[in-house]
Protein chains: 2
Amino acid sequence: MPESTIQSVLTLATLGLISQRPMTGYDLRKVFTTTPMWHFSSSPGAIYPALQRLENSGLIKGIVEGQDTLRPKRVYTLTKDGRQLLEQWLEQPVTQDDVIRRRDDLVLRFTFMGNILGREKTLSYLKELLMQLKSYIPSLQEHLDTARTTESPYDAFAIEHGIEMYQVYIRWAKHVIDRLEEN
Amino acid sequence: MPESTIQSVLTLATLGLISQRPMTGYDLRKVFTTTPMWHFSSSPGAIYPALQRLENSGLIKGIVEGQDTLRPKRVYTLTKDGRQLLEQWLEQPVTQDDVIRRRDDLVLRFTFMGNILGREKTLSYLKELLMQLKSYIPSLQEHLDTARTTESPYDAFAIEHGIEMYQVYIRWAKHVIDRLEEN
DNA sequence: TGAGACATGTAATCGGTTACATGATTCC
DNA sequence: GGAATCATGTAACCGATTACATGTCTCA
């Protein structure tokens, strides 16, 4: 049972990536600079300390490859505890707070979920997500109404932006659910 | 000329809000808990230190109201330096990095911009934003193609999510431009 | 008289940013 | 021989989170 308090998105993303295949710090940096996961920091000052923390917490294990050569590298794999923590994160219920403050993390969780928890759990995750997204919109709508009556046109535009974002999010989730249910 | 290095979104948002009307720390907390700006932290441990930093940098000035009473409060207003820094932030060109890593900040900037820089500058801001948004999509499209050919369906879904988000962002920006140009 | 809103702080901890630092290997 | 890529780190700084802490005012 991992008792660590590690929960930053970067470490969770790292854990997820390492779960897909063993990786070095350099590999991670490449993912964070060359794939759409580039909204994560790829600076060595973020990644190497993160890997050290994960290893110290027993969530990953580094094996040195090419120890005899002049350019050895540290390849990390998940430990059982690491896998467990990752699953714990993925199985967390979707909260209103997630939908408001951690919109992007929810997509990240989805991405790892398919391979790790399977199709069924991914489907219920998406349905839960869908519910939370839907239940958030009315409050935005209310604020839009007040912004309109108080004549703050810029505020109103900004809130419209938010509403539209959540609406496509919902449409996307429905679409993915349909696709996954088609088999 | 403010030489401070203050640039966290929270402090910039604070500066923007105080520019609209003088505010206390408590007022800010209320905004951050009761309006769609609730994705900002409203914890006293974030706000009060931020206000102190802003005041120490000479960007805002606190005046104690009700000093004689038992519940005095500190009302902050922008200083000239504060206003200048705020304008500097708002006038910054929209970069690719903004569009990737600071999507939300861009909307925040838009919100303050109307009142502070006026309609013309807001329009050019939106057009700049539009360009950057458009120029970002092709790279996502490419990654979508590779994800599809390598049979990573979950990755592909996630990238589709991103593309759709940017597409509505673009639609929104166009819509607002049209509205503002109608006068 | 008690609940809830008003009002402001501090301290420990943690992690990300920025900048610095070093060296090997590969390929032209 | 030089550029690009491979590969890994450290240190100072800063700001956000969490938890703790305190007290007033208003209204039912």
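Throughout, protein chains are lettered first and strands after them, A, B, ... in sequence-line order, and every chain is numbered starting at 1.
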**Message:** What is the separation between atom OH on A:Tyr48 and atom C1' on C:dT18, rounded to the nearest whole Å?
**Reply:** 17 Å
**Complete:** Ordered by number, residues from residues 68-77 of chain A within less than 4.0 Å of DNA chain C (heavy atoms) are A:Leu70, A:Arg71
**Request:** Of all the heavy-atom pairs spanning A:Ala13 and A:Phe40, show the shortest one and how long it is.
**Result:** CB-CZ, 3.8 Å
**Asked** Which whole-number value in Å describes the distance from A:Phe40 CZ to C:dT17 C1'?
**Response** 16 Å
**Fill in**
Atom CG of A:Leu54 and atom C1' of C:dG16 are separated, to the nearest Å, by 15 Å
**Item:** Shortest non-hydrogen separation from B:Val99 to B:Gln132 and the atoms involved
**Value:** CG2-CB, 3.6 Å
**Message:** Tell me the interatomic distance from A:Ile47, atom CD1, to D:dC6, atom P, rounded to whole angstroms.
**Reply:** 14 Å
**Prompt:** Distance-only, no hydrogens or angles: does the A:Trp89 side chain make a donor-acceptor pair with backbone N or O of A:Arg109 under 3.5 Å?
**Reply:** no
**Asked** If you look only at pairs with a residue in residues 138-148 of chain B, which of them pass as a side-chain hydrogen bond (donor to acceptor under 3.5 Å, both in side chains), with sequence neighbours excluded?
**Response** B:Arg148-B:Glu160
**Request:** Using the salt bridge (charged side-chain N to carboxylate O under 4.0 Å, His left out) rule, pick out the option among A:Glu91, A:Glu128, A:Glu87 that qualifies with A:Lys121.
**Result:** A:Glu91
**Message:** Give the residues of residues 10-32 of chain A touching DNA chain C, defined as any heavy atom closer than 4.0 Å, sorted by residue number.
**Reply:** A:Leu10
**Item:** Comparing B:Arg101 and B:Ala46 on DNA chain C - which has the more 5′ nearest nucleotide
**Value:** B:Ala46
**Message:** Less than 4.0 angstrom between a side-chain N/O of B:Arg53 and OP1 or OP2 of D:dC14, yes or no?
**Reply:** no
**Request:** Between A:Gln7 and A:Pro44, just flag the one whose closest nucleotide in DNA chain D comes earlier from the 5' side.
**Result:** A:Pro44
**Atom pair distance, as rounded to whole Å: CG in B:Asp97 and P in C:dT17** = 11 Å
**Message:** For a quick check of understanding: with a heavy-atom distance under 4.0 Å over all strands, which category does A:Ser43 fall into, base, sugar-phosphate or nothing?
**Reply:** base
**Prompt:** Which whole-number value in Å describes the distance from B:Arg102 CZ to C:dT17 C1'?
**Reply:** 12 Å
**Request:** Kindly indicate, with the supporting measurements, whether the criterion side chain to side chain contact (heavy atoms under 4.5 Å, CB included) is fulfilled by A:Phe110 and B:His161.
**Result:** CA-CA 11 Å; A:Phe110 163 80; B:His161 171 91; over 6 Å; no
**Prompt:** To the nearest Å, how far apart are A:Gln67 CD and C:dA24 C1'?
**Reply:** 17 Å
**Asked** Stepwise, does the side chain to side chain contact (heavy atoms under 4.5 Å, CB included) test hold for B:Met23 with B:Tyr76?
**Response** CA-CA 5 Å; B:Met23 283 202 182; B:Tyr76 292 97; 5.8 Å; no
**Item:** Shortest non-hydrogen separation from A:Ser19 to A:Leu86 and the atoms involved
**Value:** CB-CD2, 3.6 Å
**Request:** Determine: side-chain N/O of A:Ser8 to OP1/OP2 of C:dG15, distance under 4.0 Å, yes or no.
**Result:** no
**Asked** Is a side-chain N or O of B:Ser57 found less than 3.5 angstrom from the main chain of B:Leu59, in a donor-acceptor match?
**Response** no
**Asked** Just to confirm, is there a sub-4.0 Å distance from OP1 or OP2 of D:dT8 to any side-chain nitrogen or oxygen of A:Gln52?
**Response** no
